[in-house]
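These figures come from a predicted structure and were not determined experimentally. Every heavy atom of this structure was used, including side-chain atoms; hydrogens, water molecules and symmetry mates were not. Chain identifiers are assigned alphabetically (A, B, ...) following the order of the sequence lines, protein sequences preceding nucleic acid strands; residue numbering begins at 1 within each chain.
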Amino acid sequence: MRLSRYFLPVLKETPAEAQIASHRLMLRAGMIRQQAAGIYSWLPLGYKVLSKLEQIVHEEQQRAGHIPVLMPTLQPADLWRESGRYDDYGQEMLRIRDRHDRDMLYGPTNEEMITDIFRSAIGSYKQLPLTLYHIQWKFRDEVRPRFGVMRGREFLMKDGYNFDLTKEDALHAYNRHLVTYLRTYERMGLQAIPMRADSGPIGGDDTHEFLVLAETGESEVFYDSAITDLTFGDRAIDYDDKAQCQAILEEFTSRYARTDETHDEAVFNQIPEERRRKARGIEVGQIFYFGTKYSEPMGATVTNEKGEKVPVHMGSHGIGVSRLVGAIIEASHDEKGIVWPDPVAPFGVGVVNLRQGDAATDAACEDAYAKLAAAGLDPLYDDRDERAGAKFATMELIGLPWRLAIGPRGLANGTVELTRRRTGETMELSLESALAKLAP
RNA sequence: CGGAGCGUAGCGCAGCCUGGUAGCGCAUCUGCUUUGGGAGCAGAGGGCCGGAGGUUCGAAUCCUCUCGCUCCGACCA
């Protein structure tokens, strides 16, 4: 992409309303524009990152055999009357009436609707297990939206739902989701720690929240520092292997890690003092097992081997995709701007023309741009008629992992400058060597 | 939902107390000079002063109502 033809409305000054780093940087980098309290348009740069996160989520869900669907944002109130949540949910649910005076709502979550879909088509235990998920916009009419996309009213969430014959199978689905989430967050360059949490209005017995440690997090968390040494890595996983998934759950949840809702000071104090950590975290996902809470009242049953109709065991599992954009920035930025982890960066490399209009420099930049694009590196070429300083500042603000600076000074020696955003480390080398380094 | 603020040019702000030509910086446009860390000079464009009522000869400014947004707290998949 040529910056001169792109839409990247960066701001030199910080809008007054933005309090935390991710919100400030998203506005300054031209990623989002606020349309109302807690409601944002996603501009090209932000949308690109959001799409990359979605893609990673899709890949990891489907790797585990979970099946994508897409449910609507608007739902009929009657479904929610069946589960009893139409009255329970409170004012966070945006209620709408259509032209025929039918009660509708903008979905804050989809347990009822997915249960309805399930019951309309599935009747036998032989069709289980089944896990369906979608990535769709949700609306929760928060009393006080804040922190940009971190606590918006409208937000993009992946929500998945498992249907199983027995509690044991459903708990395997729970474990399987935990495993997929560990890999998902790690692929995004994040450390998200599963912590025992409170189930809240979804209800249920078992639940873990995934938290990214960050000073601006809304949750207070307590953990054993040994847990931050764990990495998922590139493990080969058989998602149908119950023992393997169970072992991973135990590996990642055996150390103390809890939010303030479930914190137990006495247990916490048994950890050696030097490993006790109290910090703040951003909740980026949650998994639940809730059994027959919805299947029973809504009649989602299957016939088992003995010919009996039994309600299915369910769980739901969410990842806050739009919130993750903010969470990644909170976890990865410096005083100059965003520092994207490579896998989620909106562009792979930024090409900076240090002397726009100089024939030799322009030609060298065009050449580099074409080669980077051909190598699949998705370059962003800053070909604006700006001075070098302004281009550097923009590149640092939007946080691309690599910057390739080309100017007459280097060209005289046959070199370009390759700079790593995260470290600031700069190498002067030939274009060919730079290409080899970027696309080995 | 309690408390506190703020709405003036695309962004950041001043002006309001004490009523009388709507301003500053950045950004934008034009020209010239510049050109390796957010350039300089000269010129130009851009405003329903959130909205509606009211007071007044006259309202960005005073009064009333209203809408929107933000912050602190409570709440929060």
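- One atom, CZ of Arg384(A), and another, P of G38(B), lie 14 Å apart when rounded to the nearest Å.
- For Arg119(A) and Glu82(A), the salt-bridge test passes: some basic side-chain N is under 4.0 Å from an acidic carboxylate O.
- Listed pair Lys12(A) / A27(B) meets the phosphate criterion, a side-chain N or O lying under 4.0 Å from OP1 or OP2.
- Tyr6(A) has its ring centre less than 6.0 Å from the ring centre of Phe347(A).
- The nucleotide A74(B) finds no pairing partner, because no Watson-Crick or G-U wobble arrangement with both distances shorter than 3.5 Å includes it.
- Per the geometry, CZ belonging to Phe210(A) stands 15 Å off C1' belonging to A77(B), to the nearest Å.
- Computed from coordinates, the Asp206(A) CG to A77(B) P distance equals 17 Å when rounded to whole Å.
- A donor-acceptor contact under 3.5 angstrom links the side chains of Asn175(A) and Gln246(A), judged on distance only.
- Across all strands shown, U33(B) is found opposite A39(B) as a Watson-Crick or G-U wobble partner, with both distances under 3.5 Å.
- When ring centroids are compared, Phe288(A) and His317(A) stay outside the 6.0 Å threshold.
- Across all strands, Ala405(A) comes closer than 4.0 Å to no nucleic acid atom at all (heavy-atom distances).
- Counting to the nearest Å, the P atom of G37(B) and the CG atom of Leu397(A) are 18 Å from each other.
- The base of G3(B) does not come close enough to the side chain of Arg144(A) for any donor and acceptor atom to sit less than 3.5 Å apart.
- Taking the ring centre of Tyr289(A) as origin, the terminal cationic atom of Lys167(A) falls outside the region bounded by 6.0 Å and 45° from the ring axis.
- With hydrogens and angles ignored, no donor-acceptor pair under 3.5 angstrom links the side chain of Glu386(A) to the base of G38(B).
- Taking atom CD on Gln35(A) and atom P on U70(B), their separation rounds to 13 Å, with Å as the unit.
- Distance from the side chain of Val143(A) is smallest for A74(B) among the nucleotides A74(B), G38(B), G37(B).
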What one-letter contact string describes nucleotides 4-16 of chain B from 5' to 3', where B marks a base within less than 4.0 Å of any protein heavy atom, S marks contact via sugar-phosphate atoms alone, and - marks no contact?
-------BSS---

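- A cation-pi arrangement is absent between Arg276(A) and Tyr256(A), since the terminal nitrogen or guanidinium carbon is not both under 6.0 Å from the aromatic centre and inside a 45° cone about the axis.
- The side chain of Ala37(A) approaches C69(B) more closely than any other nucleotide in the set C69(B), G38(B), A77(B).
- Nucleotides G15(B) and U8(B) have their P atoms positioned 14 Å apart, rounded to a whole Å.
- For Pro408(A), whose side chain is taken as the heavy atoms from C-beta onward, the closest listed nucleotide among G36(B), U35(B), G37(B) is G36(B).
- If you check A44(B) for Watson-Crick or wobble pairing at under 3.5 angstrom, you find it paired to U28(B).
- Atoms CZ (Arg387(A)) and P (G38(B)) sit 7 Å apart, rounded to a whole Å.
- The listed nucleotides are G37(B), C71(B), U35(B); the one nearest the side chain of Arg146(A) is C71(B).
- Partners of Gln35(A) under the side chain to side chain donor-acceptor pair (under 3.5 Å) rule, at least two apart in sequence or in another chain, are Ser41(A).
- Looking at Gln136(A) and Thr73(A), their side chains never bring a donor and an acceptor atom within 3.5 Å of each other.
- Both tests do not hold together for Arg421(A) against Trp340(A): distance to the six-membered ring centre under 6.0 Å, angle to the ring axis within 45°.
- Partner assigned to C13(B) is G23(B), using Watson-Crick or G-U wobble distances below 3.5 angstrom.
- Rounded to whole angstrom, the span from the NE2 atom of His23(A) across to the P atom of C69(B) amounts to 13 Å.
- If Asp385(A) and Arg323(A) are placed on RNA chain B by their nearest nucleotide, the residue sitting closer to the 5' end is Asp385(A).
- Taking atom CD on Glu92(A) and atom P on A74(B), their separation rounds to 16 Å, with Å as the unit.
- Side-chain N/O atoms of Gln34(A) include none lying less than 4.0 angstrom from OP1 or OP2 on G68(B).
- Using the Watson-Crick or G-U wobble rule with both distances under 3.5 Å, U64(B) pairs with A52(B).
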